Amino acid sequence: MAYRWTNDLTHDDVTPKAAFLNRRQIIAGLAAGSVAGSLAPQFASAQEALEPNSFEDITNYCNFYEFGTRKDDPARNAHMLTTSPWSIQIDGMVDTPGEYTFEDIMAKMTIEERIYRFRCVEAWSMVVPWNGFELADLLNLAGVQSGAKYVAFETALRKDEMPGTRFPVLDWPYVEGLRLDEAMHPLTLMATGIYGQDMPKQNGAPIRLVVPWKYGFKSIKSIVRITLTDDEPPTSWNKANGREYGFYSNVNPNVDHPRWSQATERKIGGGLFAKRIPTLMFNGYEEEVASLYEGMDLAEFY
Ligand SMILES: Nc1nc2c(c(=O)[nH]1)N[C@H]1C(S)=C(S)[C@@H](COP(=O)(O)O)O[C@H]1N2
Ligand SMILES: [Mo]
């Protein structure tokens, strides 16, 4: 397909197109599942599978280990996090390194709504209406230098405000990374809210990453530092268990997690007897991002 993301696409071009492609692929994926007979879609229609999850589901079923490892821990504990004032240190291979205050960033960015499917590595999914801006716009503000190849991210680490960090569940602070082309992709969002409101603390206030074609753990929350580098940066889950969590972590129904299948998922909010739905290549964003990985063996680079 000749179509390719370019810098001359406006936000208006990107969002409806992304939504449309996503919808078409999901409908195709659901149809394939039901034809095979093994996967009856849990939803009355493919449309329903694309409907945003409720604010309650999104804010009460969370992974944010700094506040505890249970799904309801972040909703209970994240109120302790001070999110104002907030700033992000942008450093490494950039023209203008320094502390960028949250207010200053917000004043310079165009906030828009993006409804994205979100797929956790634990084989559940949600549909979330995020507000945010493209990470590329922030990186361009700092000025990416020509030798940069990767972007490293770091979450705040405050033992007094984050009870989960008193335990060595992960090697704190939580860190993540993207290849520069992944970071610059127009689907890659710095999210600052959901449902038109400021980001709830349990979802990564005041600012977090959202990379919709990768497993949820790549979408690092409450970011305080962004570093441009020429070396693949370490990531928390890869350090914790490199056999289970690789650097790329692209959603891929054909590459199983060593302990469970990634072929299907359960959409949160479907109820106790919810049936599983098929997981789509790159979480349904194949048309937009497959070209980033041309020639790469995605079973080796998982
Ligand atoms: N700092 C930090 N970011 C994080 C996590 C975490 O524990 N700490 N969990 C990740 C995982 S595993 C998932 S699935 C998503 C969950 O985002 P949500 O709670 O907004 O759905 O956040 C990701 N970002
Ligand atoms: Mo996750």
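When a ligand or atom number is given, it counts from 1 through the structure's own listing order. Worth saying up front: this structure is predicted, and the values here are computed from it rather than measured.
- At least one heavy atom of Ser219 sits under 4.0 Å from some atom of ligand 1.
- In terms of protein heavy atoms, atom 14 (S) of ligand 1 is closest to Cys120 SG, 3.5 Å.
- Of the protein's non-hydrogen atoms, the one nearest atom 6 (C) of ligand 1 is Tyr174 CE1, 3.2 Å.
- Looking at atom 3 (N) of ligand 1, its nearest protein heavy atom turns out to be Lys221 N, 3.2 Å.
- Side-chain N/O atoms of Trp213 and Tyr293 include a donor and acceptor closer than 3.5 Å.
- Remark: Lys214 engages Glu182 in a salt bridge, criterion side-chain N to carboxylate O under 4.0 Å.
- Protein heavy atom nearest atom 9 (N) of ligand 1, with residue, atom name and distance: Asn63 O, 3.2 Å.
- Between Asp171 and Lys239 there is a salt bridge, since a side-chain N of the basic residue sits under 4.0 Å from a carboxylate O of the acidic one.
- Note: Trp260 and His257 have parallel aromatic rings, judged against thresholds of 30 and 60 degrees for the angle between ring planes.
- Considering backbone and side-chain N/O of Gln202, none are found under 3.5 Å from N/O of ligand 1.
- Side-chain N/O atoms of Thr227 and Asp91 include a donor and acceptor closer than 3.5 Å.
- Contact atoms of ligand 1 toward Cys62: 19 (O) (distance under 4.0 Å to a heavy atom of the residue).
- Of all protein heavy atoms, the one closest to atom 7 (O) of ligand 1 is Tyr65 N, 2.8 Å.
- Counting heavy atoms under 4.0 Å from ligand 1, residue Arg208 touches it through the side chain alone.
- Atoms of ligand 1 found under 4.0 Å from any heavy atom of Thr155, numbered from 1 in the order shown, are 1 (N).
- Remark: of the listed residues Lys267, Arg119, Glu265, Glu265 is the sole one forming a side-chain hydrogen bond (donor to acceptor under 3.5 Å, both in side chains) with Ser125.
- From the protein, the heavy atom lying nearest to atom 8 (N) of ligand 1 is Glu66 OE1, 2.8 Å.
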Ring pair (Phe, Tyr, Trp, His ring centres under 6.0 Å) between Phe301 and Phe247, worked out: CA-CA 7 Å; Phe301 297 96; Phe247 177 78; 9.9 Å; no
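- Atom 21 (O) of ligand 1 has Phe118 CE2, 3.8 Å as its closest protein atom, hydrogens excluded (heavy atom only).
- Counted by atom type alone, Gln202 and Asp73 present zero donor-acceptor pairs between their side chains at under 3.5 Å.
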